[in-house]
Amino acid sequence: MAEALRTRGRTLAALPTVRPFGPPRGDRRHPLVATAMVLPLAALLVVLFGGWEAVVAQASSVGVMLGR
């Protein structure tokens, strides 16, 4: 029994830590990859909810604010 307890501690210490969501720590996704992942969903939401007019209105107001 004592041998089993000693081995259990070493076995658990040797197991890698697994994160349930996202990439492992230290791995970073390139910004272009993240953009390519988000754009299809954003386009779908714009089409579904008719948000194109809102995007144009916001871009126009930002342009006016910047003096263009």
Side-chain angles (χ1 to χ4, degrees):
M1 180 76 173
E3 179 63 31
L5 290 176
R6 282 195 303 262
T7 333
R8 180 177 176 268
R10 283 183 285 169
T11 305
L12 290 177
L15 291 175
T17 306
V18 178
R19 292 179 53 216
F21 301 106
R25 289 188 184 154
D27 288 348
R28 297 190 62 137
R29 190 173 286 130
H30 193 277
L32 289 177
V33 174
T35 304
M37 291 171 64
V38 170
L39 280 179
L41 178 61
L44 177 68
L45 291 175
V46 164
V47 170
L48 284 178
F49 294 106
W52 185 247
E53 292 83 13
V55 171
V56 171
Q58 289 291 329
S60 173
S61 64
V62 168
V64 169
M65 186 174 59
L66 292 175
R68 295 184 183 246

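This chain uses plain numbering: 1 for the first residue, then up along the sequence.
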| said: Once side-chain contact (heavy atoms from CB on, under 4.5 Å) is applied, do any residues pair with Val47, and if so which ones, sequence neighbours excluded? | reply: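 Here no residue qualifies.
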| What residues form a side-chain contact (heavy atoms from CB on, under 4.5 Å) with Leu45, not counting sequence neighbours? |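 By the side-chain contact (heavy atoms from CB on, under 4.5 Å) rule, Leu45 matches Leu41, Phe49.
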Expected list for residues 51-64: side-chain donor-acceptor pairs under 3.5 angstrom, two or more places apart:
| unit_1 | atom_1 | unit_2 | atom_2 | d |
| --- | --- | --- | --- | --- |
| Ser61 | OG | Ala57 | O | 3.3 |
| Ser61 | OG | Gln58 | O | 2.9 |

What side-chain donor-acceptor pairs closer than 3.5 Å can you find for residues 32-40, not counting sequence neighbours?
| unit_1 | atom_1 | unit_2 | atom_2 | d |
| --- | --- | --- | --- | --- |
| Thr35 | OG1 | Pro31 | O | 2.8 |

